[in-house]
Number of protein chains: 2
Amino acid sequence: MTQETTGQATEAYRGKRVLITGGLGFLGSNLAGRLVALEASVRIIDALIPGMGGNLCNIDGLQGRVEVAVADLRDPEALVRALDGVDVIFNLAGQVSHIDSMRHPLDDLGINVESQLRLLEACRARTPEARIVFTSTRHLYGRPERVPVDEAHPILPPDVNGIHKAAAESYHQLYHRVFGLPICVLRVTNAYGPRQLIQHDRHGFIGWFIRLALEDREITVFGDGSQVRDFVYVDDVVEAMLQAGLSERCLGGTYNVGGSQPIAHRDLVALLIELAGSGRVRFVDWPADRKAIDIGSVYLDSTRLRQAIGWEPRTPLREGLARTLDFYRTRMACYTAPAPSRWEVA
Amino acid sequence: MTQETTGQATEAYRGKRVLITGGLGFLGSNLAGRLVALEASVRIIDALIPGMGGNLCNIDGLQGRVEVAVADLRDPEALVRALDGVDVIFNLAGQVSHIDSMRHPLDDLGINVESQLRLLEACRARTPEARIVFTSTRHLYGRPERVPVDEAHPILPPDVNGIHKAAAESYHQLYHRVFGLPICVLRVTNAYGPRQLIQHDRHGFIGWFIRLALEDREITVFGDGSQVRDFVYVDDVVEAMLQAGLSERCLGGTYNVGGSQPIAHRDLVALLIELAGSGRVRFVDWPADRKAIDIGSVYLDSTRLRQAIGWEPRTPLREGLARTLDFYRTRMACYTAPAPSRWEVA
């Protein structure tokens, strides 16, 4: 019973017109599937920028049941069309690779900052009543001063991506406060599950490790693998987003969406190899460019969200990983097409 | 003795090749004059965007003694030329109007964020040894949780301009930490003095009030004028910048540059009218768009900078205002040309 409703009845989405930005990506497509099952009217806008998380395979089975616009949020006409008549916006579009943001900071600025500002300006002008759930990231806490990290922790962005996500989050908080847009911000920890990008190693490492395990390859862990992280299964994130889109208590708030069991990298890899029945581990020194933006051990305190909407992560890591491995086993071709050496803005 | 050297001997600037971004603006042009007096080799890059702080009158008397490029930092070729051979960069370019940032947020993004990222990327590639002093603002503390505000206070940007200045500041901190660029960040409170824009009322209110007083017009104060601010005279800011550009202790740090005497708006206006011998005050209700981004009482704690480089504000408010009034009395034509209804990117 992994999709158990923890707060308000998600049946409230029946007939609602929902826009998902970045809806062909990992979180967005899982959300889209759930919303279709809840009989919402689902529209997706996604730029499908090569090397990023968008993948048409992610909506296999939803053809004809979701409306898809392959377009950039920075395209004013596409944005106007996407917003037409929407009740709820799940705002998930973004560049998520930390290392790419350091290599191509101006591209990251356009995708993660300019796009968000254009979206909010358009919402202010056209859909001021539409609920907005913005998915931010635990990444903007940087190398934490304390763990678990709660929402009062200072924002210490460790890289360009963190700076840009912090700016995007601040826009959302501001547009709620000053213009009254009904917005809730979720800071999501490391998410994992079906439909995550596993094409290259520049997104979250967990997807990449899953691929390596399934292909019976060597998994490289930096340092001694003692750094601790928390992981949240995608269905749990989807549940948090659905609740946040309905809850009045969420409005204007910023909430951590953390995992249940913090775990060291080395233990995560061991569990993954055990569940996959393949793969092996090797420990190596930190590469300089990754070490420079590493953040040590970090995991979130989600108490605030539990108190606001009753949300908790429900899927144990072992169960979530097993389901994820099952998903990719039959769909590797869709998710392992050759990766571009870098992403480019179409 | 207002230019007394508080820390390292500013004679060290003799012969140094210095670039001032935004060098035709208020702080930049005052700094340029001082650096010329110190026999530095001074280059200015300034986009002279209409309605912003740049004004060729600001370098009256420096003709032939400074090199001026009227160009935008987002122009890659102009940027490369500007950086050629520089030892120290005083990075002052920016859009400073809070209200304009809310009306034209995408323009503010280009000027205050994209420009800064392009500059730092160019410095990383071309002038990694050049010292950089970035002038940030107390504005990014937003409506403070406590006063005086020290550097550990949370960043709570109250408007788009604050979000963008916070991002620009974060870039500087990051490029120091990750790429080793020698950078010091100064968060300057309300500065005032000769060469400040007084063309319209969308920059700091103090310049506008000075103009109104000199023109014997009515000065409008929002609310009861009880909100308290601190003010720092431009020569003191210049001194802080000069010291920051020399001090090893500053590197990687972020420092408040505050004023000496926090004062209520109504008392400031009374002092100004007394010194000018003209002008009058009227109290009115807050306009909605200004109230929405108002930050209440705020003044800074500059202890950290005093401990690092011995800097303190030295110019009493009464003396600084009197000098400022004297400056504008003979130069009003240069500073009161009709204001554009808004600034535009050339």
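These values consider heavy atoms only, across backbone and side chains, with no hydrogens, waters or symmetry-generated copies. Note that the structure is a prediction, hence the values are computed from the model and not measured. First the proteins, then the strands, lettered A, B, ... as listed; each starts at 1.
B:L106 touches chain A through backbone and side chain together, each having a heavy atom under 4.5 Å away. Proximity to chain A is absent for every atom of B:A166, based on heavy atoms less than 4.5 angstrom apart. Both the backbone and the side chain of B:P105 have a heavy atom closer than 4.5 Å to some heavy atom of chain A. At a 4.5 Å heavy-atom cutoff, the contact between A:E121 and chain B is made by side-chain atoms alone.
One distance of note links CZ of A:R118 with CG of A:L79; it measures 9.0 Å at 0.5 Å rounding.
For chain A, the option among B:P158, B:A288, B:G162 with the highest count of heavy-atom pairs below 4.5 Å is B:P158.
With hydrogens and angles disregarded, no donor-acceptor distance shorter than 3.5 Å links the side chain of A:T137 to the backbone of A:R187.
Only one option out of B:D230, B:D150, B:V147 pairs with B:D301 in a side chain to side chain contact (heavy atoms under 4.5 Å, CB included); it is B:D150.
The local environment of CG in B:D224 is crowded, with over 12 non-hydrogen atoms from other residues, nucleotides or ligands closer than 6.0 Å.
Between A:N161 and A:S101, the shortest heavy-atom contact is N-OG, 2.9 Å.
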